[in-house]
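Just so it is clear, the model here is predicted, and its values are computed rather than measured. To find a chain, count down the sequence lines: A is the first, B the second, and so on, and within it residues start at 1.
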2 protein chains.
Amino acid sequence: MTLQKARYHHGDLHQSLLNAAREMLREQGIEGLSLRKLADRVGVSRTAPYHHFKDKNALLCAIAEDGFRYWHAMAKEILDQSALSARQKYAKFIRAYIGYAADNPELYDLMFGRTIWKQASPTQALKDEAYPSFQFQVEMTREWQKQGLMPAEEDTLRLTQVTWGTLHGIARLLIDGIYADSSHIDEMCETALNLFTTH
Amino acid sequence: MTLQKARYHHGDLHQSLLNAAREMLREQGIEGLSLRKLADRVGVSRTAPYHHFKDKNALLCAIAEDGFRYWHAMAKEILDQSALSARQKYAKFIRAYIGYAADNPELYDLMFGRTIWKQASPTQALKDEAYPSFQFQVEMTREWQKQGLMPAEEDTLRLTQVTWGTLHGIARLLIDGIYADSSHIDEMCETALNLFTTH
DNA sequence: GGTTAATATTGACGCTGTCAAGATATGTGA
DNA sequence: TCACATATCTTGACAGCGTCAATATTAACC
């Protein structure tokens with residue numbers, strides 16, 4: 001049977017759900033993503049997804065988890081480019097972060113938004129992916145302080161919270177379209193870089 | 001008749017709805033605020049609110065509007081304290097901003113979150129309150145640059161976007177409970193102040 | 001006092017997430 | 001090969017949501 005519709009067992013519903021959900025998220029946002037429409041899209045009954053994800057929250061967490069994995073890989077790639085100076089790396093890092101958020105606004109919102117972190121509760125698996133991501137950022141900041149790129153007198157944790165908070169804030173301004181739009185990205189990144197690094 | 005329940009006409013439903021909605025928002029968050037529960041709380045039928053607000057979005061916008069008005073007044077009060085130095089004022093301003101967000105997390109989320117600005121669309125009245133608030137911030141930044149508190153070589157608009165974006169980002173981290181909690185507020189504010197001001 | 005406008009009500013519709021019970025296919029051991 | 005257990009999927013149902021239409025009640029005004 002090559003006809004997908006006719007089969008009682010889907011075959012790989014778990015992965016299909018994730019893929020379709022990611023699409024719907026990109027196209028219609030978090031609010032536009034309903035389990036029923038999703039099931040319909042994949043060609044399966046309303047409650048079929050419940051055999052693969054505990055509830056809607058679990059599905060969203062799985063998508064966010066992938067988002068973190070992808071970003072983490074991207075960040076590592078930039079910071080491993082040994083040919084660049086610390087400052088150049090940081091500049092690239094900033095630009096990549098904002099770019100990732102601007103290119104995947106709905107995913108970014110899911111990764112860091114209240115839907116998961118406040119309204120519902122993050123999966124353990126998601127926490128295991130998200131927290132190291134921030135921890136990694138702390139280590140980098142410590143390194144940058146040692147190299148004289150960032151002020152050494154500031155507490156590393158606070159400095160990380162503020163610098164990362166800035167990127168987070170700019171990302172949200174862009175995503176929500178308040179007081180900033182994507183044509184300002186490059187200049188905003190440069191301004192942030194100037195403020196955070198001693199030069 | 002002093003018995004509110006018995007009256008067909010409520011009397012001041014418009015204001016009562018706003019007050020009750022603010023309470024529900026504080027207690028149960030945006031997701032917990034439904035028009036039906038709200039109507040029930042005020043002791044009125046499900047569709048009564050529709051005679052005072054076009055729809056749910058309009059009600060939310062009205063609440064957010066008040067939030068902006070309140071914050072704007074607070075900010076003005078701080079910046080008008082002529083006895084303080086520019087740096088002291090800015091320090092107080094930062095602390096007040098983060099404090100306001102931390103004390104009214106759900107309101108802050110409503111004011112700046114996607115519910116209004118992305119998912120639905122802001123009322124004209126809300127825009128008229130929100131945009132000047134940012135414009136005011138730009139003027140202040142320009143002033144601070146002139147006074148040598150902030151780097152004069154940066155473009156004022158970009159600098160405002162980044163500095164305000166930082167406050168916004170820190171606020172959201174606190175509110176959503178990611179990578180920061182309220183015990184860090186003072187230190188984070190000081191770190192931000194140090195990064196943004198020349199000293 | 002009678003008419004008009006403002007205000008509130010009940011009924012209905014389609015959407016949502018999710019639970020319970022039942023149907024169907026797959027895999028395993030005898 | 002057959003029976004049985006297990007994984008997978010379906011239909012039915014329920015409560016909650018925002019909101020429209022039609023209707024009822026009260027207040028305001030000439």
Enquirer: Is there a side-chain contact between A/His52 and the phosphate of D/dC9, meaning an N or O under 4.0 Å from OP1 or OP2?
Expert: yes
Enquirer: Between atom CD in A/Glu31 and atom C1' in D/dC17, what is the gap in whole Å?
Expert: 15 Å
Enquirer: Testing A/Phe134, A/Trp117, A/Phe68, A/Tyr100 for ring pair (Phe, Tyr, Trp, His ring centres under 6.0 Å) with A/Phe112, which one passes?
Expert: A/Phe68
Enquirer: Would you mind telling me which of D/dG18, C/dT9, D/dT8 lies closest to the side-chain atoms of B/Leu35?
Expert: D/dG18
Enquirer: What integer distance in Å separates B/Lys56:NZ from D/dG16:C1'?
Expert: 11 Å
Enquirer: Check the distance between C/dG17's P and A/Leu17's CG and give it to me in whole angstrom.
Expert: 13 Å
Enquirer: Taking the minimum atom-to-atom distance to the side chain of A/Ser34, which one of D/dG12, C/dG17, D/dT19 wins?
Expert: C/dG17
Enquirer: In whole angstrom, give the distance that lies between atom CE of B/Met24 and atom C1' of D/dC17.
Expert: 12 Å
Enquirer: Write down the distance between CG (B/Asp55) and P (D/dC17), rounded to a whole number of angstrom.
Expert: 17 Å
Enquirer: From C/dT16, D/dT19, D/dG12, pick the nucleotide closest to the side chain of B/Tyr50?
Expert: D/dT19
Enquirer: Any donor and acceptor pair, going by atom type alone, linking the side chain of B/Gln145 with main-chain N or O of B/Glu154 inside 3.5 Å?
Expert: yes
Enquirer: Look at the side chain of A/Arg36 and the base of C/dG14, then say whether one donor and one acceptor between them are separated by less than 3.5 Å.
Expert: no
Enquirer: Please evaluate the base of C/dG11 for a donor-acceptor partner in the side chain of B/Arg46 within a cut-off of under 3.5 Å?
Expert: yes
Enquirer: Round to the nearest Å and state the distance from A/Gln28 atom CD to C/dC15 atom P.
Expert: 13 Å
Enquirer: Rounding to an integer number of Å, can you tell me how far B/Leu59 CG sits from D/dT19 P?
Expert: 10 Å
Enquirer: Counting the atoms with a prime plus P, OP1 and OP2 as sugar-phosphate, which does A/Lys37 contact under 4.0 Å by heavy atoms, base, sugar-phosphate, or nothing?
Expert: sugar-phosphate
Enquirer: Distance check needed: D/dA27 P versus B/His51 NE2, whole Å only.
Expert: 16 Å
Enquirer: Answer yes or no: is there a donor N or O on one side and an acceptor on the other, between the side chain of B/Thr156 and the main chain of B/Thr141, under 3.5 Å?
Expert: no
Enquirer: Would you say the side-chain atoms of B/Lys118 pair up with the backbone N or O of A/Asp176, donor to acceptor, closer than 3.5 Å?
Expert: no
Enquirer: Using 0.5 Å steps for rounding, measure from the CG atom of B/Leu38 to the CG atom of B/Leu33.
Expert: 6.0 Å
